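Reviewing the structure listed below.
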Amino acid sequence: MRHNKNFNHLGRQAGHRKAMLSNMATSLILHKRIETTVAKAKAVQRFVEPLVTKSKEDTTHSRRIVFSYLKQKEAVTELFRTIAPKISERPGGYTRILKTGFRLGDAADMCIIEFVDFNEPYTLGIAPAAASEAKPKTRRSRKSAAKAIDAVEEATVVEGEAKKAAPKKAAAPKKPAAPKAASAKASAPKVAKKTNVGKKM
């Protein structure tokens, strides 16, 4: 009997599925966040969380077990050096899935899977604006602003001098322009407007 012996095969055979989960777990470890479908994210979550738990104990044996799943030295090093110290106090639940909507082509349910401890503004409930304000402000030189102000002042001075230097011309009476549009309308013959009155429908 195969009662309760079920999990999401993700439409792939065993070798393809294992390779895909290994690659996705490696990407998650290296980049701390990936975008994928909800079904794959849930499968990756079940794949990667035991490996993160294993990384809490930094021994050769643990590294070899994790390497047998991930098959990439850089990912193993990142997991044991960077991620393990940060999640050492957390008793499980190292990743979270945030749904982002539906994919345009096939309406697949999309999401972001990320490490909880590497998204502190979301974890601590800090709003995006407050998170940007929390960063220390860097000092910037005001030379560019001062240059812009000097340029504006120079332009106004030059304009004022040009007005003073130019002699005032006597205001000559302007000739009224002949209305061309009016003469064109007057010369055109009048045509009766077309109406549907009197036509048989």
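Given the structure is predicted, the values throughout are model-derived calculations rather than measurements. Positions are given from 1, in the same order as the sequence printed here.
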**Fill in**
Note: P85 and S88 closest approach over all heavy atoms is O-OG, 3.1 Å
**Request:** Report the residues that fulfil side-chain hydrogen bond (donor to acceptor under 3.5 Å, both in side chains) with R12, sequence neighbours left out, ordered by chain and then residue number.
**Result:** none
**Item:** Closest non-hydrogen atom pair between V116 and G93, with its separation
**Value:** CG2-O, 3.8 Å
**Message:** Once rounded to the nearest 0.5 Å, what's the spacing between atom CD1 of I34 and atom CD1 of I29?
**Reply:** 10.0 Å
**Request:** Starting at CG of L98, measure out to CD1 of I112 and round the result to the nearest 0.5 Å.
**Result:** 6.5 Å
**Message:** Contact between T53 and S55 at the side-chain level, heavy atoms closer than 4.5 Å - yes or no?
**Reply:** no
**Prompt:** In chain order, what residues pass the side-chain hydrogen bond (donor to acceptor under 3.5 Å, both in side chains) check against E49, with sequence neighbours excluded?
**Reply:** T95
**Fill in**
By side-chain hydrogen bond (donor to acceptor under 3.5 Å, both in side chains), R46 pairs with (sequence neighbours left out) none
**Asked** Among all residues two or more places apart in sequence or in another chain, which pass the salt bridge (charged side-chain N to carboxylate O under 4.0 Å, His left out) test with E74?
**Response** none
**Message:** Let me confirm one number: the CD1-CD distance from I113 to Q45, rounded to the nearest 0.5 Å.
**Reply:** 5.0 Å
**Request:** Supply the atom-to-atom distance C111 SG to K99 NZ, rounded to the nearest 0.5 angstrom.
**Result:** 8.0 Å
**Nearest non-hydrogen partners of V66 and L51, listed with the distance** = CG2-O, 4.0 Å
**Item:** Rounded distance (nearest 0.5 Å) linking atom CZ of F47 with atom CG of L70
**Value:** 6.0 Å
**Item:** Any residue meeting side-chain hydrogen bond (donor to acceptor under 3.5 Å, both in side chains) with D106, in chain and number order, not counting sequence neighbours
**Value:** R103
**Request:** Sequence neighbours left out, what pairs pass side chain to side chain donor-acceptor pair (under 3.5 Å) with at least one residue falling in residues 32-42?
**Result:** K32-E78, R33-E114
**Complete:** Contacts of A43 meeting side chain to side chain contact (heavy atoms under 4.5 Å, CB included) (sequence neighbours excluded), chain-then-number -> L10, L21
**Fill in**
Quick note, side chain to side chain donor-acceptor pair (under 3.5 Å) partners involving residues 13-22, not counting sequence neighbours, are none
**Asked** Same cluster or not: are V48 and I97 linked, directly or through other Ile, Leu, Val, Met, Phe, Trp or Tyr residues, by side-chain heavy atoms under 4.5 angstrom apart?
**Response** yes
**Message:** Heavy-atom count check: over 12 atoms from other residues, nucleotides or ligands less than 6.0 Å from K86 NZ?
**Reply:** yes
**Request:** List in chain and number order the residues that pass side chain to side chain contact (heavy atoms under 4.5 Å, CB included) with H3, two or more places apart in sequence or in another chain; answer none if no residue qualifies.
**Result:** M1
**Item:** side chain to side chain contact (heavy atoms under 4.5 Å, CB included) between R96 and Y122, intermediate numbers included
**Value:** CA-CA 11 Å; R96 74 161 63 93; Y122 189 91; 3.3 Å; yes
**Prompt:** What distance do I83 atom CD1 and T77 atom OG1 have between them, rounded to the nearest 0.5 Å?
**Reply:** 11.0 Å
**Fill in**
Residues pairing under ring pair (Phe, Tyr, Trp, His ring centres under 6.0 Å) where one sits in residues 93-118, two or more places apart or in two chains, turn out to be none
**Message:** Does anything in residues 62-72 form a side chain to side chain donor-acceptor pair (under 3.5 Å)? List the pairs, not counting sequence neighbours.
**Reply:** D58-R63, T59-S62
**Counterpart residues, ring pair (Phe, Tyr, Trp, His ring centres under 6.0 Å), relative to H31 (two or more places apart)** = none
**Asked** Do you know which two heavy atoms are closest between G101 and D109, and how far apart they sit?
**Response** O-OD1, 3.4 Å
